[in-house]
Amino acid sequence: MPEHRLTHAVIDLTGRELLPAGTLLTMPVLQTLAGEHKTDFPACDLLDYGQVHADMLYFFEVPPYDVIFHETERQQTLFDIAGDVVMPETLLTSLYHFRQLDFYTYRHMLLVFALSILIGRELIHDRAALLQEVMAGPIHDIGKLCVPLPILTKKTALTSSEIVHLRHHALAGYVLLTHFFREHETLAARVARDHHERKNGSGYPSGNPIDNLMIDIIMVSDVYDALISPRPYRPMSYDNRTALEEITRQAVAGIISQTVARVLISLNRRSKPHYSCCTLSSERRGAPPQGNLYGRMISDSNDHAQ
Ligand SMILES: [Fe+2]
Ligand SMILES: [Fe+2]
């Protein structure tokens with residue numbers, strides 16, 4: 001694994017700097033970070049924290065998620081697995097912080113979590129491994145604590161320096177989770193670091209090809225939720241058909257996992273076919289929404305004009 005260098009500082013919710021900008025994430029640095037405290041941080045059940053359970057139920061009602069989550073049996077299975085998720089209270093406080101300040105990010109983390117449970121239970125048959133996988137969902141973007149709110153909520157195209165700051169959330173999440181789980185290389189920390197990598201090496205922060213089912217599941221859930229949700233830079237979301245066509249396009253192009261894409265498509269079918277019966281068709285009938293600024297960038301010198 002290549003060593004990464006932080007472009008910006010990593011700061012926890014209290015404002016304490018864990019690592020300064022410019023730090024190279026070497027093994028000794030990460031081991032020190034994981035072992036800095038002698039005792040574990042107090043832990044909490046995710047579903048019992050604040051309004052998390054009620055919020056998830058509400059999110060499931062909103063189209064197009066109602067198709068995936070409406071069924072009672074699916075919801076029961078989902079909450080049965082989600083009920084086993086326990087994590088340091090500091091991380092739940094950090095998740096909840098977004099409920100107040102950036103509701104989109106809060107909702108996104110919980111929906112990626114919910115999707116990863118339904119996808120994961122089709123592909124991961126060992127309960128302990130599945131639990132490891134789903135633990136990563138609600139905190140995969142926790143590194144956004146280290147990205148200024150005006151960048152997270154900016155309604156116009158980002159500048160190149162703002163994109164660098166936004167991308168910092170991947171390594172920042174890796175550092176935060178290494179610290180709060182008190183362990184180096186937990187799956188949750190690796191997911192935080194690698195969920196924007198791609199199978200063909202077109203992602204970040206390393207730009208190396210990723211081949212890991214656990215990360216694939218969060219990656220596809222993350223892309224799908226981003227497509228079908230309104231974003232600050234794209235007021236209109238993709239309709240579900242167009243979003244699934246885009247997921248299919250990326251899977252066929254080798255950018256994201258074809259298997260995970262097929263599971264996602266099967267979850268969207270009311271007839272509930274097994275995912276192995278869902279083919280990845282190249283047919284495209286939908287159209288991306290107008291006014292989409294995703295991936296568009298302006299130069300830093302033009303920022304004042306935005
Ligand atoms: Fe992310
Ligand atoms: Fe995300």
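The first residue in the sequence is number 1, and the count goes up from there. Just so you know, ligand 1 is whichever comes first in the structure, and atom 1 is the first atom listed for that ligand. Predicted, not measured: the structure shown is a model, and the values here were computed from it.
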Distance-only check: which donor-acceptor pairs under 3.5 Å involve side-chain atoms of residues 18-25, not counting sequence neighbours?
from	atom 1	to	atom 2	distance (Å)
Thr23	OG1	Pro20	O	2.6

Quiz item: Would you find a donor on one side and an acceptor on the other, under 3.5 Å apart, between the side chain of Arg262 and the backbone of Leu280?
Solution: no
Exercise. Report the residues that fulfil side-chain hydrogen bond (donor to acceptor under 3.5 Å, both in side chains) with His125, sequence neighbours left out, ordered by chain and then residue number.
Key: none
Exercise. Please work out whether the ring planes of His53 and Phe79 are parallel, tilted or perpendicular, with thresholds of 30° and 60°.
Key: tilted
Quiz item: Ignoring hydrogens and geometry, is there a side-chain-to-backbone donor-acceptor pair from Gln75 to Phe69 under 3.5 Å?
Solution: yes
Name the atoms and distances for all side-chain donor-acceptor pairs under 3.5 Å in residues 80-87, with sequence neighbours left out.
from	atom 1	to	atom 2	distance (Å)
Asp80	OD2	Arg127	NH1	3.4
Asp84	OD2	Arg127	NH2	2.7

Quiz item: When you check the space around the Fe ion (ligand 1), which protein N, O or S atoms turn up under 2.8 Å?
Solution: Asp141 OD1, His169 NE2, His195 NE2, His196 NE2
